[in-house]
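What's counted below: heavy atoms across the whole structure, side chains too, no hydrogens, waters or symmetry copies. In the text below, chain A, chain B and the rest are named by the order of the sequence lines, each starting its count at 1. Values in this document were obtained by computation on a predicted structure and should not be read as measured data.
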2 protein chains.
Amino acid sequence: MNQSSEQIKSEIVEGLSNIGQFWGFPRGMGASFAVLYLSPGPLSLDELVARTNLTKGAVSTNVRSLARLGLVHGVSRLGDRKDYYQAETDFYKAIRSILKERKNHEFDHAVSSVTQALSKLEADGRPADPEQAFLVERLRALQSFFDALDSLTAAVTRLESLGLNTVQSVLKILK
Amino acid sequence: MNQSSEQIKSEIVEGLSNIGQFWGFPRGMGASFAVLYLSPGPLSLDELVARTNLTKGAVSTNVRSLARLGLVHGVSRLGDRKDYYQAETDFYKAIRSILKERKNHEFDHAVSSVTQALSKLEADGRPADPEQAFLVERLRALQSFFDALDSLTAAVTRLESLGLNTVQSVLKILK
DNA sequence: ATGTATGTATAGTATGTACTAAACGAATTA
DNA sequence: TAATTCGTTTAGTACATACTATACATACAT
(Lines give C-alpha, C1' and ligand atoms only; values in the text may rest on other atoms or scores of the structure.)
Protein backbone atom coordinates (compact mmCIF):
# COMPACT_ATOMS: atom_id res chain seq x y z
CA MET A 1 0.00 0.00 0.00
CA ASN A 2 1.66 3.14 -1.17
CA GLN A 3 2.02 6.34 0.74
CA SER A 4 -0.68 8.38 -0.94
CA SER A 5 -3.24 5.71 -0.12
CA GLU A 6 -2.26 5.95 3.52
CA GLN A 7 -2.62 9.70 3.37
CA ILE A 8 -6.03 9.41 1.81
CA LYS A 9 -7.09 6.94 4.44
CA SER A 10 -6.14 9.19 7.31
CA GLU A 11 -7.99 12.07 5.72
CA ILE A 12 -11.13 9.99 5.51
CA VAL A 13 -10.66 8.77 9.06
CA GLU A 14 -10.37 12.34 10.24
CA GLY A 15 -13.39 13.41 8.23
CA LEU A 16 -15.60 10.66 9.58
CA SER A 17 -14.39 11.40 13.09
CA ASN A 18 -15.48 14.98 12.70
CA ILE A 19 -18.86 14.04 11.36
CA GLY A 20 -19.32 11.63 14.22
CA GLN A 21 -18.34 14.23 16.75
CA PHE A 22 -20.69 16.69 15.12
CA TRP A 23 -23.56 14.30 15.70
CA GLY A 24 -22.64 13.67 19.30
CA PHE A 25 -20.35 10.68 19.11
CA PRO A 26 -16.82 10.56 20.55
CA ARG A 27 -14.05 11.27 18.06
CA GLY A 28 -12.39 7.96 18.76
CA MET A 29 -15.59 6.15 17.93
CA GLY A 30 -15.70 7.76 14.51
CA ALA A 31 -12.04 6.99 14.00
CA SER A 32 -12.45 3.35 14.96
CA PHE A 33 -15.37 2.94 12.62
CA ALA A 34 -13.57 4.67 9.77
CA VAL A 35 -10.50 2.49 10.16
CA LEU A 36 -12.67 -0.62 10.11
CA TYR A 37 -14.65 0.65 7.17
CA LEU A 38 -11.52 1.22 5.13
CA SER A 39 -10.04 -2.13 6.01
CA PRO A 40 -10.55 -5.06 3.62
CA GLY A 41 -10.77 -7.58 6.43
CA PRO A 42 -11.75 -7.70 10.11
CA LEU A 43 -9.30 -6.15 12.54
CA SER A 44 -8.28 -7.17 16.02
CA LEU A 45 -8.33 -4.79 18.94
CA ASP A 46 -4.57 -4.41 18.86
CA GLU A 47 -4.60 -3.64 15.15
CA LEU A 48 -7.18 -0.97 15.84
CA VAL A 49 -5.00 0.40 18.61
CA ALA A 50 -2.10 0.63 16.21
CA ARG A 51 -4.08 2.38 13.49
CA THR A 52 -6.05 4.81 15.63
CA ASN A 53 -3.29 5.87 18.02
CA LEU A 54 -5.63 5.31 20.93
CA THR A 55 -5.09 3.14 23.96
CA LYS A 56 -6.51 -0.31 24.30
CA GLY A 57 -9.08 0.77 26.85
CA ALA A 58 -10.41 3.55 24.69
CA VAL A 59 -10.69 1.36 21.62
CA SER A 60 -12.34 -1.35 23.66
CA THR A 61 -15.13 0.92 24.90
CA ASN A 62 -15.52 2.68 21.59
CA VAL A 63 -15.78 -0.53 19.64
CA ARG A 64 -18.31 -1.94 22.04
CA SER A 65 -20.42 1.19 21.68
CA LEU A 66 -20.21 0.81 17.92
CA ALA A 67 -21.30 -2.79 18.20
CA ARG A 68 -24.23 -1.82 20.42
CA LEU A 69 -25.28 0.66 17.75
CA GLY A 70 -24.97 -1.98 15.07
CA LEU A 71 -22.24 -0.09 13.24
CA VAL A 72 -19.67 -2.84 13.64
CA HIS A 73 -19.94 -6.57 14.11
CA GLY A 74 -17.65 -8.83 16.04
CA VAL A 75 -16.33 -11.91 14.34
CA SER A 76 -14.55 -14.75 16.07
CA ARG A 77 -12.04 -17.00 14.42
CA LEU A 78 -11.68 -20.59 15.51
CA GLY A 79 -8.57 -21.28 17.42
CA ASP A 80 -7.94 -17.57 17.96
CA ARG A 81 -8.74 -15.92 21.25
CA LYS A 82 -8.67 -12.47 19.73
CA ASP A 83 -11.88 -10.62 18.96
CA TYR A 84 -12.11 -9.28 15.45
CA TYR A 85 -14.35 -6.53 14.25
CA GLN A 86 -15.65 -5.43 10.90
CA ALA A 87 -17.70 -2.42 9.86
CA GLU A 88 -21.31 -2.56 8.78
CA THR A 89 -21.20 -1.42 5.16
CA ASP A 90 -24.91 -0.87 4.71
CA PHE A 91 -25.25 2.71 5.94
CA TYR A 92 -29.02 2.67 5.77
CA LYS A 93 -29.10 -0.33 8.03
CA ALA A 94 -26.72 1.49 10.35
CA ILE A 95 -28.91 4.57 10.43
CA ARG A 96 -31.90 2.44 11.29
CA SER A 97 -30.18 0.84 14.23
CA ILE A 98 -28.88 4.17 15.47
CA LEU A 99 -32.39 5.59 15.36
CA LYS A 100 -33.72 2.59 17.20
CA GLU A 101 -31.09 2.91 19.88
CA ARG A 102 -31.33 6.66 20.30
CA LYS A 103 -35.08 6.98 20.38
CA ASN A 104 -35.51 5.44 23.80
CA HIS A 105 -33.89 8.10 25.93
CA GLU A 106 -34.62 11.74 26.51
CA PHE A 107 -37.09 11.80 23.70
CA ASP A 108 -39.57 9.29 25.06
CA HIS A 109 -39.32 10.88 28.46
CA ALA A 110 -40.24 14.27 27.08
CA VAL A 111 -43.08 12.77 25.09
CA SER A 112 -44.59 11.16 28.13
CA SER A 113 -44.19 14.30 30.23
CA VAL A 114 -46.12 16.25 27.61
CA THR A 115 -48.79 13.58 27.49
CA GLN A 116 -49.10 13.53 31.27
CA ALA A 117 -49.24 17.30 31.44
CA LEU A 118 -52.02 17.38 28.89
CA SER A 119 -54.13 14.77 30.63
CA LYS A 120 -53.65 16.62 33.90
CA LEU A 121 -54.73 19.91 32.36
CA GLU A 122 -57.64 18.42 30.50
CA ALA A 123 -58.85 16.50 33.53
CA ASP A 124 -60.82 19.49 34.91
CA GLY A 125 -63.08 19.97 31.89
CA ARG A 126 -62.99 23.22 29.96
CA PRO A 127 -60.48 25.56 31.49
CA ALA A 128 -61.85 28.99 32.34
CA ASP A 129 -58.35 30.44 32.47
CA PRO A 130 -57.44 31.69 28.98
CA GLU A 131 -53.74 31.35 29.65
CA GLN A 132 -54.25 27.75 30.59
CA ALA A 133 -56.19 27.24 27.38
CA PHE A 134 -53.21 28.64 25.50
CA LEU A 135 -50.89 26.25 27.30
CA VAL A 136 -53.08 23.31 26.32
CA GLU A 137 -53.02 24.46 22.72
CA ARG A 138 -49.23 24.66 22.62
CA LEU A 139 -48.81 21.32 24.32
CA ARG A 140 -51.16 19.72 21.81
CA ALA A 141 -49.09 21.10 18.95
CA LEU A 142 -45.95 19.79 20.62
CA GLN A 143 -47.55 16.41 21.08
CA SER A 144 -48.62 16.08 17.47
CA PHE A 145 -45.11 17.02 16.36
CA PHE A 146 -43.67 14.37 18.62
CA ASP A 147 -46.19 11.91 17.27
CA ALA A 148 -45.17 12.64 13.70
CA LEU A 149 -41.49 12.20 14.53
CA ASP A 150 -42.32 9.05 16.41
CA SER A 151 -44.22 7.40 13.58
CA LEU A 152 -41.54 8.50 11.14
CA THR A 153 -38.72 6.86 13.06
CA ALA A 154 -40.93 3.87 13.79
CA ALA A 155 -41.64 3.48 10.09
CA VAL A 156 -37.98 3.77 9.21
CA THR A 157 -36.84 1.28 11.81
CA ARG A 158 -39.60 -1.13 10.81
CA LEU A 159 -38.37 -1.25 7.24
CA GLU A 160 -36.23 -4.27 6.56
CA SER A 161 -34.83 -2.73 3.42
CA LEU A 162 -34.13 0.96 3.24
CA GLY A 163 -32.30 0.91 -0.02
CA LEU A 164 -31.82 3.36 -2.80
CA ASN A 165 -35.29 2.56 -4.14
CA THR A 166 -37.08 3.77 -1.05
CA VAL A 167 -34.87 6.78 -0.68
CA GLN A 168 -35.45 7.76 -4.27
CA SER A 169 -39.22 7.44 -4.03
CA VAL A 170 -39.14 9.61 -0.94
CA LEU A 171 -37.07 12.11 -2.84
CA LYS A 172 -39.67 12.11 -5.59
CA ILE A 173 -42.38 13.16 -3.15
CA LEU A 174 -40.22 15.96 -1.86
CA LYS A 175 -40.05 17.19 -5.43
CA MET B 1 -51.78 31.21 36.44
CA ASN B 2 -52.12 28.55 39.08
CA GLN B 3 -49.34 26.54 40.60
CA SER B 4 -49.82 23.29 38.72
CA SER B 5 -49.52 25.11 35.40
CA GLU B 6 -46.18 26.53 36.52
CA GLN B 7 -45.06 23.06 37.51
CA ILE B 8 -46.10 21.69 34.16
CA LYS B 9 -44.28 24.46 32.36
CA SER B 10 -41.02 23.80 34.15
CA GLU B 11 -41.30 20.12 33.40
CA ILE B 12 -41.71 20.87 29.71
CA VAL B 13 -38.85 23.36 29.83
CA GLU B 14 -36.64 20.75 31.37
CA GLY B 15 -37.74 18.12 28.88
CA LEU B 16 -37.03 20.30 25.87
CA SER B 17 -33.67 21.30 27.37
CA ASN B 18 -32.73 17.66 27.62
CA ILE B 19 -33.79 16.93 24.07
CA GLY B 20 -31.83 19.91 22.87
CA GLN B 21 -28.77 18.85 24.78
CA PHE B 22 -29.14 15.36 23.38
CA TRP B 23 -28.94 16.77 19.87
CA GLY B 24 -25.92 18.90 20.66
CA PHE B 25 -27.42 22.18 21.73
CA PRO B 26 -26.63 23.91 25.02
CA ARG B 27 -29.12 23.30 27.79
CA GLY B 28 -29.80 27.00 28.19
CA MET B 29 -30.68 27.25 24.54
CA GLY B 30 -33.33 24.60 24.92
CA ALA B 31 -34.63 26.26 28.05
CA SER B 32 -34.84 29.65 26.39
CA PHE B 33 -36.71 28.25 23.46
CA ALA B 34 -39.08 26.29 25.67
CA VAL B 35 -39.89 29.33 27.79
CA LEU B 36 -40.61 31.35 24.67
CA TYR B 37 -42.65 28.55 23.16
CA LEU B 38 -44.84 28.32 26.24
CA SER B 39 -45.33 32.07 26.48
CA PRO B 40 -48.43 33.61 24.88
CA GLY B 41 -46.59 36.76 23.85
CA PRO B 42 -43.05 37.85 23.00
CA LEU B 43 -40.64 38.15 25.92
CA SER B 44 -37.86 40.61 26.60
CA LEU B 45 -34.35 39.54 27.45
CA ASP B 46 -34.89 40.40 31.11
CA GLU B 47 -38.08 38.40 31.25
CA LEU B 48 -36.19 35.46 29.80
CA VAL B 49 -33.48 35.94 32.40
CA ALA B 50 -36.10 35.83 35.13
CA ARG B 51 -37.76 32.69 33.84
CA THR B 52 -34.68 30.68 32.91
CA ASN B 53 -32.52 31.51 35.94
CA LEU B 54 -29.63 32.27 33.63
CA THR B 55 -27.58 35.44 33.43
CA LYS B 56 -28.18 38.13 30.87
CA GLY B 57 -25.05 37.25 28.92
CA ALA B 58 -25.98 33.61 28.61
CA VAL B 59 -29.51 34.33 27.53
CA SER B 60 -28.24 36.91 25.06
CA THR B 61 -25.96 34.49 23.28
CA ASN B 62 -28.41 31.61 23.47
CA VAL B 63 -31.23 33.65 22.04
CA ARG B 64 -29.08 34.95 19.24
CA SER B 65 -28.09 31.39 18.36
CA LEU B 66 -31.74 30.45 18.34
CA ALA B 67 -32.50 33.36 16.05
CA ARG B 68 -29.68 32.36 13.71
CA LEU B 69 -31.18 28.90 13.51
CA GLY B 70 -34.60 30.37 12.81
CA LEU B 71 -36.08 28.91 15.99
CA VAL B 72 -37.00 32.29 17.44
CA HIS B 73 -37.76 35.64 15.89
CA GLY B 74 -37.00 39.05 17.27
CA VAL B 75 -39.79 41.57 17.35
CA SER B 76 -39.36 45.26 18.07
CA ARG B 77 -42.02 47.45 19.57
CA LEU B 78 -42.23 51.11 18.66
CA GLY B 79 -41.14 53.40 21.39
CA ASP B 80 -39.53 50.55 23.27
CA ARG B 81 -35.81 50.01 23.16
CA LYS B 82 -36.09 46.47 24.43
CA ASP B 83 -35.75 43.53 22.06
CA TYR B 84 -38.54 41.02 22.25
CA TYR B 85 -38.42 37.45 21.10
CA GLN B 86 -41.00 34.87 20.18
CA ALA B 87 -40.70 31.22 19.31
CA GLU B 88 -41.20 29.80 15.85
CA THR B 89 -44.23 27.55 16.25
CA ASP B 90 -43.90 25.72 12.95
CA PHE B 91 -41.57 22.92 13.91
CA TYR B 92 -41.15 21.67 10.38
CA LYS B 93 -40.01 25.10 9.33
CA ALA B 94 -37.62 25.09 12.26
CA ILE B 95 -36.20 21.72 11.26
CA ARG B 96 -35.65 22.94 7.73
CA SER B 97 -33.69 25.95 8.86
CA ILE B 98 -31.65 23.86 11.28
CA LEU B 99 -30.79 21.46 8.49
CA LYS B 100 -29.85 24.32 6.23
CA GLU B 101 -27.61 25.79 8.90
CA ARG B 102 -26.00 22.57 9.98
CA LYS B 103 -25.26 21.11 6.59
CA ASN B 104 -22.48 23.49 5.68
CA HIS B 105 -19.85 22.41 8.16
CA GLU B 106 -18.04 19.19 8.80
CA PHE B 107 -20.28 17.36 6.43
CA ASP B 108 -19.45 19.24 3.27
CA HIS B 109 -15.79 19.10 4.17
CA ALA B 110 -15.88 15.34 4.47
CA VAL B 111 -17.79 15.06 1.20
CA SER B 112 -15.22 17.05 -0.69
CA SER B 113 -12.34 15.16 0.87
CA VAL B 114 -13.86 11.90 -0.33
CA THR B 115 -14.41 13.34 -3.78
CA GLN B 116 -10.85 14.60 -3.97
CA ALA B 117 -9.49 11.31 -2.76
CA LEU B 118 -11.42 9.45 -5.41
CA SER B 119 -10.32 11.66 -8.24
CA LYS B 120 -6.74 11.35 -7.04
CA LEU B 121 -6.96 7.57 -6.93
CA GLU B 122 -8.72 7.29 -10.25
CA ALA B 123 -6.30 9.62 -11.95
CA ASP B 124 -3.81 6.86 -12.68
CA GLY B 125 -6.12 4.64 -14.72
CA ARG B 126 -6.93 1.14 -13.50
CA PRO B 127 -5.12 0.43 -10.30
CA ALA B 128 -3.06 -2.73 -10.33
CA ASP B 129 -2.98 -2.82 -6.55
CA PRO B 130 -5.97 -4.87 -5.37
CA GLU B 131 -6.00 -3.13 -1.99
CA GLN B 132 -6.21 0.21 -3.74
CA ALA B 133 -9.08 -1.10 -5.82
CA PHE B 134 -10.83 -2.03 -2.59
CA LEU B 135 -10.27 1.46 -1.24
CA VAL B 136 -11.80 2.99 -4.35
CA GLU B 137 -14.81 0.74 -3.98
CA ARG B 138 -15.41 1.75 -0.37
CA LEU B 139 -14.94 5.41 -1.14
CA ARG B 140 -17.45 5.17 -3.96
CA ALA B 141 -20.01 3.64 -1.61
CA LEU B 142 -19.32 6.40 0.90
CA GLN B 143 -19.73 9.00 -1.79
CA SER B 144 -23.05 7.67 -3.01
CA PHE B 145 -24.31 7.60 0.56
CA PHE B 146 -23.25 11.20 1.04
CA ASP B 147 -24.96 12.07 -2.23
CA ALA B 148 -28.20 10.50 -1.08
CA LEU B 149 -28.08 12.38 2.21
CA ASP B 150 -27.23 15.54 0.38
CA SER B 151 -30.13 15.38 -2.04
CA LEU B 152 -32.44 14.42 0.78
CA THR B 153 -31.60 17.45 2.91
CA ALA B 154 -31.54 19.61 -0.18
CA ALA B 155 -35.02 18.46 -1.07
CA VAL B 156 -36.28 19.05 2.44
CA THR B 157 -34.83 22.52 2.70
CA ARG B 158 -36.12 23.41 -0.74
CA LEU B 159 -39.69 22.63 0.24
CA GLU B 160 -41.61 25.72 1.14
CA SER B 161 -44.26 23.73 2.95
CA LEU B 162 -43.34 20.64 4.87
CA GLY B 163 -46.69 20.12 6.50
CA LEU B 164 -48.56 17.12 7.74
CA ASN B 165 -49.58 16.24 4.20
CA THR B 166 -46.04 15.73 3.02
CA VAL B 167 -45.03 13.89 6.15
CA GLN B 168 -47.99 11.58 5.85
CA SER B 169 -47.34 10.76 2.21
CA VAL B 170 -43.77 9.96 3.12
CA LEU B 171 -45.02 7.74 5.89
CA LYS B 172 -47.24 5.94 3.40
CA ILE B 173 -44.22 5.00 1.30
CA LEU B 174 -42.43 3.68 4.31
CA LYS B 175 -45.45 1.39 4.85
C1' DA C 1 -23.44 66.46 29.66
C1' DT C 2 -24.57 63.26 32.76
C1' DG C 3 -27.08 59.43 34.02
C1' DT C 4 -29.82 55.33 32.95
C1' DA C 5 -31.31 51.43 30.49
C1' DT C 6 -30.30 47.80 27.44
C1' DG C 7 -27.56 44.45 24.91
C1' DT C 8 -22.82 42.57 23.97
C1' DA C 9 -18.14 41.08 24.78
C1' DT C 10 -14.53 39.31 27.80
C1' DA C 11 -12.23 36.72 31.57
C1' DG C 12 -12.64 33.29 34.73
C1' DT C 13 -14.96 29.10 36.60
C1' DA C 14 -17.23 24.88 36.77
C1' DT C 15 -18.84 20.83 34.83
C1' DG C 16 -19.04 16.96 31.89
C1' DT C 17 -16.62 13.68 29.26
C1' DA C 18 -13.36 11.28 26.32
C1' DC C 19 -9.10 9.89 26.83
C1' DT C 20 -4.50 7.72 29.13
C1' DA C 21 -2.27 4.82 32.27
C1' DA C 22 -2.32 1.01 34.90
C1' DA C 23 -4.43 -2.54 37.57
C1' DC C 24 -7.34 -6.38 37.18
C1' DG C 25 -9.66 -10.75 35.48
C1' DA C 26 -10.17 -14.53 32.66
C1' DA C 27 -8.57 -17.85 29.57
C1' DT C 28 -4.70 -20.34 27.46
C1' DT C 29 -0.24 -22.44 27.43
C1' DA C 30 4.10 -24.06 29.50
C1' DT D 1 1.17 -23.37 39.21
C1' DA D 2 3.30 -20.00 36.93
C1' DA D 3 3.59 -17.20 32.90
C1' DT D 4 1.38 -15.00 28.88
C1' DT D 5 -2.08 -13.08 26.19
C1' DC D 6 -6.08 -10.68 25.63
C1' DG D 7 -10.05 -7.72 27.00
C1' DT D 8 -12.24 -4.86 30.59
C1' DT D 9 -12.43 -1.80 34.34
C1' DT D 10 -11.03 2.04 37.14
C1' DA D 11 -8.70 6.22 38.76
C1' DG D 12 -6.93 10.23 37.22
C1' DT D 13 -6.12 13.86 33.59
C1' DA D 14 -6.82 16.92 29.94
C1' DC D 15 -9.86 19.40 27.30
C1' DA D 16 -13.89 21.49 25.53
C1' DT D 17 -17.56 24.38 26.56
C1' DA D 18 -21.50 26.52 28.71
C1' DC D 19 -22.13 29.29 32.17
C1' DT D 20 -21.31 33.48 35.80
C1' DA D 21 -19.57 37.84 36.86
C1' DT D 22 -18.21 41.95 35.26
C1' DA D 23 -16.77 45.39 32.25
C1' DC D 24 -17.99 47.67 28.14
C1' DA D 25 -20.67 50.04 24.26
C1' DT D 26 -24.54 52.34 22.60
C1' DA D 27 -28.76 54.62 22.63
C1' DC D 28 -32.03 57.32 25.00
C1' DA D 29 -33.47 60.53 28.77
C1' DT D 30 -33.22 64.31 31.85
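Taking the six-membered ring where the residue is Trp, the centroids of B:Tyr37 and B:Phe91 are separated by under 6.0 Å. A:Phe33 has its ring centre no less than 6.0 Å from the ring centre of A:Phe25. Separation of the B:Phe146 and B:Phe107 ring centroids falls under the 6.0 Å cut-off.
When the C1' atom of D:dT9 is taken as reference, atom CG of A:Leu45 falls 14 Å away, rounded to whole Å. Note: CZ (A:Arg68) to P (D:dT8) measures 14 Å, nearest angstrom. Nucleotide D:dG7 holds its C1' atom 12 Å from the NZ atom of A:Lys82, rounded to whole Å. One can place OH of A:Tyr84 at 12 Å from C1' of D:dT5, the figure rounded to the nearest angstrom.
Annotation: A:His73, atom NE2; neighbour count of heavy atoms from other residues, nucleotides and ligands within 6.0 Å is above 12. Other residues, nucleotides and ligands contribute more than 12 heavy atoms inside 6.0 Å of the CD atom of B:Gln86.
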Practice prompt. Quick one, give me the B/S/- string for nucleotides 12-30 of chain D, reading 5' to 3', where B means a protein heavy atom under 4.0 Å from the base and S means that only happens at the primed atoms, P, OP1 or OP2.
Written response: ------SSBS-----BS--
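In 5' to 3' order, the nucleotides of DNA chain C bounding all contacts with chain B (an atom under 4.0 Å from a heavy atom) are C:dA5 to C:dA9.
Checked by atom type and distance alone, the side chain of B:Thr52 pairs as donor or acceptor with a backbone atom of B:Leu48 at under 3.5 Å. In this structure, the side chain of A:Ser113 engages the main chain of A:Ala110 through a donor-acceptor pair within 3.5 Å.
Taking 4.0 Å as the cut-off between side-chain N and carboxylate O, A:Glu6 and A:Arg51 do not count as a salt-bridged pair.
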